[in-house]
Peer 1: 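Below is one structure. I have some questions about it.
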Amino acid sequence: MFDAATYVARRKELTERVGSGLVVLLGHDECPMNYADNVYPFRQDSTFLYYVGLDDPGLAVTLDLDSGAQVLYGDDPDPDAVVWTGPQPSLHNRAQQTGMKEVAGSDALQATVQKALRAGRPVRFVPPYRARTLLRLADLLGAEPAQVASRACPRLIGAVVAQRSIKSTEEITHIEQAVEITARMQTAAMQQARPGRVEREIAGHIEGIALACGGRLAFPTIFSVRGEVLHNPFYGNTLGPGQMAVHDCGAESPEHYTGDITRTIPIGGRFDPRQRDVYTLVLETQQAALAAVRPGVEFRAIHRLACEHLAEGLKAMGLMKGDTQEAVAAGAHALFMPCGLGHMLGLDVHDMEALGEDYVGYTDAIRRSGQFGLRSLRLARALEPGFVITVEPGVYFIPALIDRWRAEGRWTDFIHYDRLESWRDFGGIRIEDDVLVTETGGRLLGPPIPKALSDVEALASG
Ligand code: GLY
């Protein structure tokens with residue numbers, strides 16, 4: 001974790017932003033996998049990590065914004081547990097690590113919350129996304145579980161989003177560390193993805209790199225020759241010459257900051273002519289989008305620019321037709337790119353998504369579109385220095401979507417459905433990098449990761 005002063009300063013800023021009431025920050029408990037003592041790897045809640053930093057289960061914090069009292073709740077280690085866990089720090093030691101003086105047993109939290117409620121004070125918490133946290137909040141509040149989410153505090157959410165959106169220098173160092181590990185994973189995959197190997201062999205190898213580097217995966221790796229399935233969790237295909245594998249992976253740094261990088265790998269080492277054309281289009285689109293990153297520019301405008309670039313290229317390939325701007329305004333290009341151009345990145349791969357995507361990526365003036373494709377854009381608002389974002393255009397040929405749109409007669413003015421028949425098994429191509437928004441533009445984070453066509457071919461052909 002960072003120095004205690006970092007967490008003290010973050011909590012001070014939160015206190016100033018929110019102003020009054022009792023803030024309750026719940027850390028995570030262990031999460032059983034198949035019986036109570038066999039648990040998933042522990043992952044702390046990211047908002048708790050941001051303000052408290054303690055990476056252990058069973059903790060909570062209250063910040064009394066009126067009196068200034070800050071209390072860490074938890075339990076001292078059971079002396080007998082030492083045989084299973086080794087020596088663990090006392091609650092006081094943990095409090096010191098995060099710059100807090102006051103501690104209390106876990107059981108005391110309910111009394112604190114109930115006292116605030118009885119006094120008519122606002123009890124502020126962020127929306128729970130784990131069932132255990134939701135039930136704990138229901139207990140603390142004396143509420144039905146179904147009522148808890150609606151009692152989450154918009155003012156607190158807004159303040160947390162405002163703070164976590166702007167990455168400090170020390171956070172950027174950790175994100176770069178995560179991207180550096182992710183770069184190794186990407187390079188290794190390019191070297192290992194040979195005809196005859198099975199996807200899971202590559203996926204397993206790169207997960208090992210994350211672990212060996214002191215981190216772990218930030219999200220389940222996508223490594224698939226079915227690249228048109230955007231979040232494909234299946235690793236059972238044998239790699240065949242002439243196929244492409246979409247490889248979207250990210251390591252978490254030991255401090256839980258994430259990388260999120262995608263490359264598309266030609267199996268056998270050479271893209272065929274159609275693959276080269278689409279790869280070049282996606283790469284040029286990404287370069288155009290990256291060049292547009294700067295403070296003050298709405299990310300939805302960069303998304304649109306990327307979509308127009310793709311649509312223009314697809315027209316040149318004979319797959320789309322008509323006026324490009326009209327096609328994109330109508331949403332016809334979403335047949336090929338049915339998702340957003342990118343998202344924020346930080347302690348979560350989709351940073352702060354648990355707080356509510358619209359709080360993170362939209363404003364009162366910039367509302368989410370309902371249009372297919374555009375509605376999946378996670379970040380629309382104007383960029384600010386300190387944002388870390390992904391830029392990840394792609395072109396996907398999704399047979400089920402093509403068939404449905406064609407049957408519905410959707411956007412026949414813009415799409416050459418007949419010509420798409422020979423592209424049904426093309427798969428997809430995505431290229432993704434992580435970018436820091438600076439005062440003047442954007443800076444790619446981490447080391448260079450091969451993406452020029454010839455560099456990727458060189459690595460993939462060994
Ligand atoms: N890279 C995985 C995702 O953005 O969902």
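Start at 1 and go down the list; that is how both ligands and their atoms are numbered.
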Peer 1: Heavy atoms only: give me the nearest I402-Y417 pair and the separation to one decimal.
Peer 2: O-CE2, 3.9 Å

Peer 1: Looking only at protein heavy atoms, which one is nearest to atom 4 (O) of ligand 1, and what is the separation?
Peer 2: H350 NE2, 2.8 Å

Peer 1: Tell me, please, which residues at least two apart from T363 pass side-chain contact (heavy atoms from CB on, under 4.5 Å).
Peer 2: A365, I366, R381

Peer 1: Before we go on, tell me: are the rings of Y51 and Y7 under 6.0 Å apart, centre to centre?
Peer 2: no

Peer 1: Taking 4.0 angstrom as the limit and counting only heavy atoms of H231, give me the atoms of ligand 1 inside it, by number and element.
Peer 2: 3 (C), 5 (O)

Peer 1: Which atoms of ligand 1 have any heavy atom of H343 under 4.0 Å away?
Peer 2: 4 (O)

Peer 1: For F336 and W423, I'd like to know if the aromatic rings sit close, meaning centre-to-centre distance below 6.0 Å.
Peer 2: no

Peer 1: Under 4.0 angstrom from ligand 1, any heavy atom of D260?
Peer 2: yes

